[in-house]
Structure formats: C-alpha cells, structure tokens
Protein chains: 2
Amino acid sequence: MPIFLPKEPSKKELLMTAVLYALSDEIRLGIVRQLAAKGEQPCGVFEVDRPKSSLSHHFRVLRESGVVATRKDGKALMNTLRQEDLDARFPGLLKAVLKG
Amino acid sequence: MPIFLPKEPSKKELLMTAVLYALSDEIRLGIVRQLAAKGEQPCGVFEVDRPKSSLSHHFRVLRESGVVATRKDGKALMNTLRQEDLDARFPGLLKAVLKG
DNA sequence: AGTTTAGTTCGAATTTATTCGAACTGTCGT
DNA sequence: ACGACAGTTCGAATAAATTCGAACTAAACT
C-alpha cells in the first residue's frame with residue numbers, strides 16, 4: 001500500500017473551527033511556532049517528547065486542517081506553514097496566534 | 001448544594017490553547033459571535049439545537065477558558081465576551097476570529 | 001406557600017482524540 | 001541487493017469531550 005498523505009484543504013476549504021482546533025494543542029502549536037520561526041522543516045527536527053507515530057498523528061491534524069502543507073523531498077517530508085492561505089482566509093489570525 | 005459557577009481565569013491566567021480550544025466548536029463560536037454582535041446576553045436567548053444541559057456545558061467551557069464572563073442578574077445569568085482581557089493577552093486574536 | 005423561569009449539576013452513554021508499538025513504504029547510501 | 005533512515009499506517013488501549021434526561025437551586029411572581 002502506498003503512503004497516502006491526507007489531502008490538504010484548498011484555501012477556500014479552510015474551516016475556522018478546524019484551524020482553531022488544530023492550533024489548540026500545545027504540541028501542535030509548538031510545531032507551528034517553530035515553522036513560523038525557522039521556515040520549512042522536516043518532521044524529524046521537532047523535538048517532541050513523543051514517539052514518531054504520535055508526532056505523525058499531530059502532523060496529520062495540522063495538514064487536514066490546512067495549517068501545514070507537506071511536500072516530499074527525497075526521503076524527508078518538508079512541512080511549511082500555509083501562511084498566505086491562512087492570512088487570505090482568516091486575516092490576522094495566524095499573526096495573533098504566533099504572538100501569544 | 002449551591003450553584004458553583006466554575007471560576008473564570010484572571011486575565012493573566014488566560015491560556016492560548018484553552019481559548020483556541022473553546023473557540024474551535026461551531027456551537028461555541030456561534031455563541032461568541034452573537035455576544036460580539038449583540039453584547040451581554042443571558043444563556044436563554046441563544047437558539048441552539050441542543051437541550052439546555054448541553055448548552056450549559058458549552059457555556060462552562062467558554063467560562064473556564066476565559067472567553068466569556070458571567071454575572072448573575074436576578075434569575076438570569078448574563079454573559080459577556082471578555083474582549084478587553086482577551087485583547088490585552090492575545091492582541092488581534094478575537095478580532096480575527098470574529099471576522100472569519 | 002406554590003409555580004414558573006433560568007440555568008446548573010449529576011450520572012451515564014456515546015463519540016471523538018490521543019497515545020503507542022509494530023509493521024510498513026519509499027528513498028538514499030554502500 | 002541490503003541496510004539505514006524518515007515518516008506513515010494500522011490496531012487497540014486509554015483518555016477526554018460531548019450529549020442528554022432527570023434532579024436540582026435560586027429568584028421572581030401570584
């Protein structure tokens with residue numbers, strides 16, 4: 001069975017409640033803050049006190065809500081914050097979340 | 001046994017993740033939007049397709065996260081959005097959430 | 001005192017999220 | 001071809017949220 005990365009919602013499909021839910025978890029919020037600070041990063045660099053299957057779950061939530069986009073780069077999966085899409089759909093939200 | 005309204009966190013105690021979580025539910029977000037639009041309101045005016053015990057649960061989540069403040073006024077409980085506290089602690093967040 | 005109104009609290013059922021190990025896929029290096 | 005590496009997927013356990021009816025409190029009115 002090939003690996004299926006869950007489909008990321010298009011900009012138009014972004015849902016406020018799903019985005020807020022994804023961001024309402026300390027681990028995921030930490031990931032998002034680090035992506036905002038350092039730019040594109042593979043999953044592996046995040047030092048989280050959880051096994052990789054748990055980390056993978058949190059990335060899935062971030063992807064499915066549309067907060068993060070993932071592209072394959074060799075054997076790594078590179079993650080970026082969907083800043084522009086989020087900003088277009090929910091102006092000011094991400095900035096406010098990252099400040100707090 | 002007297003009625004205990006759960007304690008509302010002080011401005012300093014507001015937690016980003018708790019606030020985002022509280023706002024990540026359609027019903028609660030609807031309540032918050034209506035409070036923002038119409039100002040202080042008793043629980044009863046919100047037309048939500050849920051029995052009152054469920055509504056009460058959602059108000060509790062909003063209070064415990066610090067999104068809403070509640071005061072007694074006769075037999076009603078009046079709810080207000082804690083706009084100033086939220087704005088002081090998380091500038092721009094509420095505005096962004098209400099716009100979306 | 002009794003009734004109505006507003007909303008909470010309790011308890012239990014259901015649903016949904018999180019967690020983790022183990023097995024897997026795909027890519028790279030040797 | 002064979003490991004090693006990065007990360008996903010599966011499956012099952014645990015934990016947490018939501019839901020609701022029923023019983024309750026407290027204020028207001030008659």
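Computed from a prediction, not measured in an experiment: that's the story for all the values here.
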Could you go through nucleotides 17-21 of chain D and list every protein N or O atom that sits under 3.5 Å from one of its N or O atoms, giving the distance for each pair?
residue, atom, partner, partner atom, Å
dA17(D), O3', Tyr21(B), OH, 2.4
dT18(D), OP1, Tyr21(B), OH, 3.1
dT18(D), OP1, Arg28(B), NH1, 3.4
dT18(D), OP1, Arg28(B), NH2, 3.2
dT18(D), OP2, Arg28(B), NH1, 3.4
dT18(D), OP2, His57(B), NE2, 3.2
dT19(D), OP1, Arg50(B), NE, 3.2
dT19(D), OP1, Arg50(B), NH2, 3.0
dT19(D), OP2, His58(B), NE2, 2.6
dC20(D), OP2, Ser54(B), OG, 3.1
dG21(D), N7, Ser53(B), OG, 3.1
dG21(D), O6, Ser53(B), OG, 3.3

Write down the distance between [atom1] ([X]) and [atom2] ([N]), rounded to a whole number of angstrom.
X: Phe59(A); N: dT8(D); atom1: CZ; atom2: P; answer: 8 Å
X: Arg60(A); N: dT18(C); atom1: CZ; atom2: P; answer: 12 Å
X: Leu55(A); N: dT18(C); atom1: CG; atom2: C1'; answer: 13 Å
X: Glu26(A); N: dT19(C); atom1: CD; atom2: P; answer: 12 Å
X: Arg71(A); N: dA6(D); atom1: CZ; atom2: C1'; answer: 15 Å
X: Met78(A); N: dT27(C); atom1: CE; atom2: C1'; answer: 15 Å
X: Lys72(B); N: dG7(C); atom1: NZ; atom2: P; answer: 11 Å
X: Asn79(A); N: dG7(D); atom1: CG; atom2: C1'; answer: 10 Å

(request) With sequence neighbours excluded, tell me which residues meet salt bridge (Lys or Arg N to Asp or Glu O under 4.0 Å) with Glu64(A). (result)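 Checked Glu64(A) against salt bridge (Lys or Arg N to Asp or Glu O under 4.0 Å); matches are Arg60(A).
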(message) Please determine whether any donor N or O and acceptor N or O are separated by less than 3.5 Å between the side chain of Lys75(A) and the base of dG26(C).
(response)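 No.
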(message) Can you list everything that forms a ring-ring contact (aromatic ring centres under 6.0 Å, His included) with Phe46(A)? Sequence neighbours excluded, please.
(response)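 ring-ring contact (aromatic ring centres under 6.0 Å, His included) check on Phe46(A) returns Phe59(A).
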(message) Strictly by side chain to side chain donor-acceptor pair (under 3.5 Å), give each pair with a member in residues 76-91 of chain A just once, sequence neighbours left out.
(response)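 The answer is Thr70(A)-Asn79(A), Arg82(A)-Asp85(A).
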(message) Considering only residues two or more places apart or on different chains, which pairs with a residue in residues 38-48 of chain B satisfy side chain to side chain donor-acceptor pair (under 3.5 Å)?
(response)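 Residue pairs with at least one partner in residues 38-48 of chain B: Glu40(B)-Arg71(B).
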(request) Could you tell me whether the phosphate oxygens of dT8(C), OP1 or OP2, come under 4.0 Å of any side-chain nitrogen or oxygen in Arg63(B)? (result)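 Yes.
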(request) Using the salt bridge (Lys or Arg N to Asp or Glu O under 4.0 Å) rule, collect all pairs that involve residues 90-100 of chain A, keeping only residues at least two apart or in two chains. (result)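 Qualifying pairs, neighbours excluded: none.
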(request) Applying side-chain contact (heavy atoms from CB on, under 4.5 Å), run through Val19(A) and Leu20(B) and close with a yes or a no. (result) CA-CA 9 Å; Val19(A) 169; Leu20(B) 294 177; over 6 Å; no
